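Have a look at the structure below, then the notes.
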Amino acid sequence: MFSARIAENFTSPTHGGELADPHIVLENKDPVCGDQIRISIAVDDGSITQVRFRAWGCATSLATANILCVWMEGKQLTDCVAATPEELAEQFGTLTPEQRHCHEIAVNLVAQLQPESVA
Amino acid sequence: MFSARIAENFTSPTHGGELADPHIVLENKDPVCGDQIRISIAVDDGSITQVRFRAWGCATSLATANILCVWMEGKQLTDCVAATPEELAEQFGTLTPEQRHCHEIAVNLVAQLQPESVA
Amino acid sequence: MSNLSGYFDYNATTPLSDAVKAAMVDAMEQFENPSAAYAAPDGVKTLMAQARADVAALIGADPEQIVFTSGATESNNWVLRSILECQDRSGAFVTSAIEHDATLASGKMICDQQGRDLRIVSPDSEGIVPASAIEQACQGDVSLVSLMLTNNETGAIQPVREVSGIARQTNAFFHVDAVQAAGKLSVDVSSLCCDSLSLSAHKFHGPKGVGALYIKNPDALTPMIVGGGQEAGLRAGTENIVGIAGMGAAAAEARARLADRTVHVHALRTALLSELHTRNLSFQVNGPSDQAQTALCTLNLSFPGIRAESLVARLGLVDGIKVSLGSACSTNKHSRHSHVLQAMGLDEARLVGSMRISFGRYTTRGDITRLAAALEDGLGVFQRLAAAE
Amino acid sequence: MSNLSGYFDYNATTPLSDAVKAAMVDAMEQFENPSAAYAAPDGVKTLMAQARADVAALIGADPEQIVFTSGATESNNWVLRSILECQDRSGAFVTSAIEHDATLASGKMICDQQGRDLRIVSPDSEGIVPASAIEQACQGDVSLVSLMLTNNETGAIQPVREVSGIARQTNAFFHVDAVQAAGKLSVDVSSLCCDSLSLSAHKFHGPKGVGALYIKNPDALTPMIVGGGQEAGLRAGTENIVGIAGMGAAAAEARARLADRTVHVHALRTALLSELHTRNLSFQVNGPSDQAQTALCTLNLSFPGIRAESLVARLGLVDGIKVSLGSACSTNKHSRHSHVLQAMGLDEARLVGSMRISFGRYTTRGDITRLAAALEDGLGVFQRLAAAE
Ligand SMILES: Cc1ncc(COP(=O)(O)O)c(C=O)c1O
Ligand SMILES: Cc1ncc(COP(=O)(O)O)c(C=O)c1O
Ligand code: FES
Ligand code: FES
């Protein structure tokens with residue numbers, strides 16, 4: 001019922017935690033299920049150097065948070081901003097219909113990334 | 001579904017046949033199922049010396065015919081006439097509800113036995 | 001397979017094949033609930049999916065069109081209830097006089113309760129329901145037409161393909177009872193053009209108490225049994241895993257063996273008829289004269305002047321041979337004659353003298369000789385006992 | 001019994017015991033049709049009679065009062081349909097909000113179709129439906145009252161004995177869903193005073209897809225499935241011989257082991273609660289505070305601040321431990337919360353944080369420690385991940 005990708009990111013999250021002094025913070029609280037994700041991001045010269053998440057939610061949403069962190073870390077901020085929903089979807093592999101909800105959350109989080117969001 | 005008694009009298013009838021010159025003939029044709037039994041009886045000095053049957057019918061009615069023959073043969077005619085339905089029932093052992101019909105046929109046949117029926 | 005050599009009642013039920021038993025024993029280890037939320041019940045789900053695919057393949061359906069049930073009696077009842085009770089259809093129910101009681105008795109009950117028009121179409125004297133007679137019965141508003149593919153008592157193959165066209169024209173839902181055909185003849189739902197079709201595992205070496213319903217468009221039926229949403233919401237209740245595994249294995253095997261079976265069964269029938277002729281036994285065949293219109297594993301015979309009840313009892317008690325007096329289910333009730341043979345218009349003597357011989361996978365040429373010899377012997381005994389009549 | 005050590009979902013289903021498997025394998029050789037006319041199917045009839053006697057004995061019934069079905073979903077549906085559809089009873093249907101969907105969903109469907117008055121009585125916050133609340137709902141014309149004996153999610157034992165008196169006073173038919181009680185607690189139909197009672201084999205180490213309905217007076221119900229007249233005309237369809245043999249063996253075994261079971265399950269529950277306390281885990285028990293009102297094999301817990309879905313998933317993926325998020329059947333549908341816990345009025349956080357742990361025959365003391373350790377570990381992980389919220 002979980003893809004290998006979701007299962008691994010859920011059971012062995014590599015990016016749990018919170019940055020002391022993040023440059024960007026993305027937040028989502030789902031109005032329907034109540035799941036929460038908060039991603040703190042450090043940016044250096046347009047490049048994302050460190051990403052950590054806190055989350056409360058279903059297995060898939062916890063995996064989503066970790067997958068997003070892995071995906072962003074090391075990327076150019078502008079590349080992340082420019083990513084299409086389809087590119088994001090690739091990171092998740094096949095999702096069951098209920099899990100697709102989590103992809104929407106990911107899209108929503110990434111949409112909060114603005115080039116100008118770095119103070 | 002057949003008691004041992006019914007099964008044995010049905011599969012190995014000992015009294016099939018017809019007497020050439022019977023003193024008494026009992027006959028039954030069931031109006032419902034069409035089963036037929038014809039019993040020919042030889043009487044000597046009030047004693048039944050030989051009994052044979054012809055029959056067309058269900059397994060239980062064929063067994064009934066044979067059981068009746070065995071029961072009558074060697075008996076005093078008057079004893080047979082005096083037999084109660086309960087005494088007859090004993091000859092058949094346990095019958096299922098559908099088979100009880102055959103007991104009625106037996107009673108009906110024996111009722112045709114009259115002391116005066118010997119010519 | 002204890003003492004199968006005298007078994008001539010394959011239309012009533014068949015023994016489990018070794019492959020089916022093995023599948024069932026394997027399935028006994030798959031105990032988890034197929035509806036469970038945790039990650040593990042893959043085994044059960046795979047098993048169910050495989051069984052569904054195998055049953056679908058047997059009749060040329062898609063797996064999504066197969067719903068597992070507790071047998072064909074449930075499958076038939078379900079279709080009747082769903083179409084006649086749950087929908088806004090007030091038209092007649094048209095069916096044949098030779099259907100199994102799982103159709104006839106439930107149809108009568110439902111139509112009685114509702115005051116619905118029930119039209120029961122008679123077969124011809126060979127046991128085939130003429131498509132033209134169904135067409136005639138399909139005047140006006142008709143909600144449901146139900147016809148069996150192969151009759152259980154005579155083996156007569158019914159004109160299902162033609163009747164499907166008639167049902168379509170009258171806008172009726174068309175159900176087919178394929179219980180005696182599936183696994184025996186090639187059955188293909190798309191060429192039959194039916195809306196639903198019922199199957200029962202135990203007629204083709206699967207377990208008793210498990211069946212299926214093919215539904216062309218699963219939305220067309222409302223569920224009869226409601227609860228935990230199993231079978232895509234169409235048939236609730238924790239699934240009979242062991243039975244379904246058995247049915248799947250039986251379907252796969254039946255499909256693989258179909259060509260061989262046809263040859264085997266044809267040879268047995270030819271042998272039996274020729275043995276009966278050689279022995280000079282007089283008998284009549286109740287059913288189609290044309291072999292092409294007959295499921296050849298079924299031979300319904302009448303022996304003139306004989307009460308078949310006695311002959312069948314003697315075969316059982318003396319010879320260890322099992323044949324059937326009409327449909328096996330009838331012995332639970334108090335009906336005197338086969339409703340199928342009666343509908344064919346056979347006279348009383350022929351009805352009383354009739355028995356059904358049905359054979360299959362484990363029947364051998366030697367068994368046929370044994371049966372013919374036992375029939376000869378029994379007929380002689382009863383003819384002698386009845387001689388004066 | 002592959003990897004049963006992590007299995008804590010006995011309320012969803014149980015593995016076949018060795019005795020049950022042996023009975024089923026034996027029954028696979030009994031292939032003849034129980035309805036056949038010839039002399040031989042004594043084996044099948046004996047098997048059916050024995051199974052019926054064993055099931056009857058488990059609940060203190062007469063064998064003639066037991067009808068085999070395809071499971072308790074069918075049993076419940078049957079009673080509802082029979083009483084609400086087929087008879088001239090137009091009164092209300094009174095049931096509880098914590099019934100299984102085999103009662104609730106089918107009751108809603110039938111009452112909707114008929115515009116019949118459906119009265120659903122809520123439990124108290126501990127999951128017990130007060131008899132007084134049922135009494136209040138039983139005003140005026142009531143046709144049917146249905147109440148479960150033990151709830152599947154919380155283990156709460158319902159006041160069935162008292163409610164039977166209320167039902168009798170209103171002249172309503174009284175049905176009991178004893179699926180989670182039979183084979184686990186002592187169940188006696190005469191002291192429960194019910195008109196019918198449903199059982200499912202797979203909840204006490206029998207096979208899935210076979211169940212029974214006890215009917216006090218078999219004439220009181222009309223059949224739902226009609227056909228060949230099996231089960232004394234009450235439930236047609238060729239019988240699931242292998243399944244019925246398994247159910248009989250399971251019933252006999254459950255009856256013999258009942259006293260041992262009670263001790264075993266009580267010890268496991270005590271151990272689990274004490275391990276959770278020792279590890280300083282904070283949790284709430286959803287269900288009766290009084291152990292005397294609880295089937296002790298069931299422990300429904302909420303962990304504050306935790307989303308149980310994740311915890312259950314982690315237990316499965318990381319620890320190979322299977323517990324349930326509410327009723328197993330729910331995962332087929334799209335319901336968010338257990339309707340049982342919701343009806344108890346638990347707040348959102350407690351609903352979201354709830355899981356059902358259920359154990360039984362093969363659960364060991366060591367398994368309990370493994371479960372407690374895995375819970376401690378998982379709770380730590382999720383608390384750390386959520387720390388900022
Ligand atoms: C209380 C209750 N009633 C009915 C059922 C349904 O029974 P079955 O699994 O036999 O369909 C279940 C279990 O699934 C149950 O727990
Ligand atoms: C034509 C036909 N339909 C339906 C049935 C009933 O199916 P089941 O035995 O699965 O209840 C049978 C056999 O008994 C049958 O021969
Ligand atoms: S359930 Fe809402 S994000 Fe997973
Ligand atoms: S059936 Fe009429 S006597 Fe046996």
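Every chain is numbered from 1, with letters handed out A, B, ... down the list of sequences. These figures come from a predicted structure and were not determined experimentally.
Heavy atoms only, all atoms of each residue included: D:Ser310 and A:Phe10 are closest at O-CZ, 3.2 Å. When every heavy atom of D:Arg384 is checked against every heavy atom of A:Arg54, the shortest pair comes out as O-NH1, 2.7 Å. Residues A:Cys33 and D:Arg307 approach most closely at CB-NH2, 3.6 Å, considering heavy atoms.
Residue D:Val352 touches chain A through its side chain alone, counting heavy-atom pairs closer than 4.5 Å. Neither the backbone nor the side chain of D:Leu311 comes within less than 4.5 Å of any heavy atom of chain A.
By the neighbour-count criterion of 12 heavy atoms within 6.0 Å, atom CG of D:Asp347 is densely surrounded, having more than that number from other residues, nucleotides or ligands. Around CD of A:Glu8, the count of heavy atoms belonging to other residues, nucleotides or ligands within 6.0 Å does not exceed 12.
If you take CG on D:Leu385 and CZ on A:Phe53, they are separated by 4.5 Å, rounding to the nearest 0.5 Å.
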